[in-house]
Chemist: 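I am attaching a structure below and will ask some questions about it afterwards.
Since the structure is predicted, the reported quantities are computational estimates derived from the model, not experimental observations. Each chain gets a letter, A, B and so on, in the order its sequence line appears, and its residues count up from 1.
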Amino acid sequence: MVSRPSSTELSPTAISTKIVIAGGFGAGKTTFVRSISEIEPVTTEALMTEASQDFDDLAATPEKITTTVAMDFGRVSLDQELALYLFGTPGQDRFWFLWDDLIRGALGAVVLADPRRLADCFPAVEYFENVPEAPFIVALNCFDGILPFELDDVRAALAIGPEVPLLTCDARDTASAVYTLTELVRYAMNFAGPPALV
Amino acid sequence: MKGTAMLRSSRVRPYAITGGRTIARMPLLLETLVSVPDYDLMVHQMLVAESRDIYALCRSVQSIAEISAALDMPLGVVRVLVSDLADDGRLRIHPTAVHAGVPEHMLLERVLRGLQTIKH
């Protein structure tokens, strides 16, 4: 966890933004959020019905509203006027529909992947490839600092384009987590195109 | 009916408070910040329990997700109650960066600067 002197109180005029930390179960999402958050990562719960209300008759199946899904998140006060939230995606595949809620308004996403279980991040990569407005990068969380493959081989295995940044990181390390987010933001800058002429 | 209600977990109960609505009137993202501009003890006392908790918590700036976590209240319920409190002028909903009209490039530059000040 990061301790910051200015983090205690946001200004009454503060605004906020967010980055999504995605990836398979056990890829290190909560660890990543913890290593950069100024608050202990907390869990919030969303109800199944929030997304299924269109096709579920709640009156007929009232017990459905008790189905919950947990999402971990953390916060970084970038300055007193701007809070950055980091949201980890729910690990379970059956909660895909919540990703739309998570990604809405996000600057972009980091897809964390465990190199030993690369296939676990395929669904996340596929999801973000289908959300053209949200830039994403892939970060291989190398717990022991060793990547057993060449990055190019990983890129080929993930079937991501040459433009998508692919890097290694250590989710436990604050500097590494900051670097990873920095790479996403730099990519998002190019993604957004040059500043509009005025 | 009474028996059914008693069997349900307490988590379901706030739906009675939201009048059965599950959708907030205004879009509230997970990271949307809210705060109480002028905290008033009289207002605090007249609110129903769940709204009162939100009103008290938001004396300091909180996000929708933080309110949900701090009060152990489902996101959908928080959204509806926050929306109602804002309608009544009790809570202020801060725009998120995307809705505040901050040009995307300026926002990204600002995020980059902020990230670079994080101590390792």
Side-chain angles (χ1 to χ4, degrees), chain A residues 2-4 6 8-19 36 39 42-47 49-50 53 58 62-63 65-66 68 71 73 75-79 81-85 87 101-102 104-107 173-179 181-182 185-186 188-189 192-196, chain B residues 4-5 7-9 11-12 15 20 22-23 27 29-37 59-79 92 94-120:
Chain A
V2 180
S3 136
R4 314 193 74 201
S6 62
T8 42
E9 202 81 345
L10 282 166
S11 140
T13 53
I15 58 172
S16 56
T17 188
K18 77 179 158 197
I19 288 174
I36 203 164
I39 56 171
V42 274
T43 300
T44 185
E45 289 184 337
L47 288 170
T49 51
E50 287 183 63
Q53 59 210 355
L58 290 182
E63 67 279 6
I65 59 179
T66 61
T68 59
M71 289 179 290
F73 68 94
R75 185 185 77 193
V76 191
S77 303
L78 294 176
D79 54 57
E81 296 286 336
L82 181 61
L84 170 66
Y85 286 87
F87 283 93
D101 196 22
L102 277 174
R104 195 150 53 108
L107 292 177
D173 179 44
T174 302
S176 181
V178 168
Y179 175 76
L181 293 182
T182 302
V185 174
R186 285 190 201 283
M189 283 171 158
Chain B
T4 317
L7 282 174
R8 287 188 199 159
S9 78
R11 184 173 297 288
V12 181
Y15 276 93
T22 55
I23 303 172
L29 302 184
L30 295 165
E31 71 276 21
T32 297
L33 297 173
V34 296
S35 60
V36 173
R59 278 178 289 179
S60 66
V61 182
Q62 306 282 332
S63 65
I64 296 294
E66 280 169 298
I67 297 169
S68 164
L71 301 179
D72 194 21
M73 205 182 274
L75 280 168
V77 175
V78 171
R79 282 177 165 140
R92 193 174 90 78
H94 302 213
T96 56
V98 280
H99 295 117
V102 182
E104 192 172 2
H105 238 83
M106 286 179 66
L107 173 65
L108 291 168
E109 296 269 8
R110 204 166 143 192
V111 171
L112 208 54
R113 275 201 304 277
L115 286 172
Q116 282 158 356
T117 65
I118 294 175
K119 292 192 197 79
H120 312 147

Chemist: Quick check on B/Leu33 against chain A: is it the side chain, the backbone, both or neither that has a heavy atom closer than 4.5 Å?
Modeler: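 Interface part for B/Leu33: both.
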Chemist: Would you call A/Leu84 and B/Leu115 a side-chain contact if the rule is heavy atoms closer than 4.5 Å?
Modeler: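 In short, these two side chains touch, coming nearer than 4.5 Å.
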Chemist: Please report the closest heavy-atom contact between B/Val98 and A/Gly105, naming both atoms and the distance.
Modeler: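 The pair with the smallest heavy-atom distance is CG1-O, 4.1 Å.
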Chemist: Of all heavy-atom pairs between A/Val178 and B/Ile118, which one has the smallest distance, and what is that distance?
Modeler: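 It is CG2-CG2, 4.0 Å.
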Chemist: What part of B/Glu66 gets within 4.5 angstrom of chain A, counting heavy atoms only: side chain, backbone, both, or neither?
Modeler: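 Backbone plus side chain of B/Glu66, per the 4.5 Å heavy-atom cut-off to chain A.
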Chemist: State, to 0.1 Å, how close B/Ser35 and A/Pro12 come at their nearest heavy-atom pair, and which atoms those are.
Modeler: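 B/Ser35 and A/Pro12 have their closest heavy atoms at OG-O, 4.3 Å.
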Chemist: Who among A/Val42, A/Asp173, A/Leu102, A/Leu107 has the most heavy-atom pairs with chain B under 4.5 Å?
Modeler: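 Max contact count across the listed options: A/Leu107.
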Chemist: First locate atom OH of A/Tyr85, then atom OG1 of B/Thr96, and finally report the distance between them rounded to the nearest 0.5 Å.
Modeler: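 Reported value, rounded in 0.5 Å steps: 12.0 Å.
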Chemist: If I take atom CD from residue A/Glu81 and atom NE2 from residue B/His94, how far apart are they, to the nearest 0.5 angstrom?
Modeler: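 Answer for the CD-NE2 pair, A/Glu81 versus B/His94, is 10.0 Å.
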Chemist: Less than 4.0 Å between a side-chain N and a carboxylate O, is that true for B/Arg113 and A/Asp79?
Modeler: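 B/Arg113 and A/Asp79: not salt-bridged.
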Chemist: Using heavy-atom distances under 4.5 Å, tell me whether B/Thr32 contacts chain A through its side chain, its backbone, both, or neither.
Modeler: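 Only the backbone of B/Thr32 comes within 4.5 Å of chain A.
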Chemist: Distance from A/Leu78 atom CG to B/Gln116 atom CD, nearest 0.5 Å?
Modeler: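 Result: 11.0 Å between the selected atoms.
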Chemist: Against chain B, work out which of A/Ala175, A/Ser176, A/Ser11 has the most heavy-atom pairs shorter than 4.5 Å and name it.
Modeler: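 So the answer, after comparing A/Ala175, A/Ser176, A/Ser11, is A/Ala175.
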Chemist: With a 4.5 angstrom heavy-atom cut-off, is it the side chain or the backbone of A/Tyr179 that approaches chain B, or both, or neither?
Modeler: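 For A/Tyr179, neither part sits under 4.5 Å from chain B.
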Chemist: If you take all heavy atoms of B/Arg92 and A/Thr13, which pair is closest and at what distance?
Modeler: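 Smallest interatomic distance, heavy atoms only, reads NH2-CA, 3.7 Å.
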Chemist: Can you measure from CG (B/Leu30) to CZ (A/Phe73) and round to the nearest 0.5 angstrom?
Modeler: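 Going from the CG atom of B/Leu30 to the CZ atom of A/Phe73 covers 8.5 Å.
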Chemist: Select one option (side chain, backbone, both, neither) describing which atoms of B/Val78 are under 4.5 Å from chain A's heavy atoms.
Modeler: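 For B/Val78, there is no contact with chain A at all, as no heavy atom is under 4.5 Å.
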Chemist: Roughly how far, to the nearest 0.5 Å, is the CG atom of B/Leu112 from the CE atom of A/Met189?
Modeler: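 Here the rounded value is 5.0 Å.
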Chemist: Between B/Arg110 and A/Leu82, what is the shortest heavy-atom contact and its length?
Modeler: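 The pair with the smallest heavy-atom distance is NH2-CB, 3.6 Å.
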Chemist: Which atoms form the tightest heavy-atom contact between A/Arg104 and B/Glu31, and what is the distance?
Modeler: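 Closest approach of A/Arg104 to B/Glu31: O-OE2, 4.0 Å.
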Chemist: Given the options B/Ala97, B/Pro103, B/Pro37, B/Ala70, which has more heavy-atom pairs under 4.5 Å with chain A than any of the others?
Modeler: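 Top option by heavy-atom pairs under 4.5 Å: B/Ala97.
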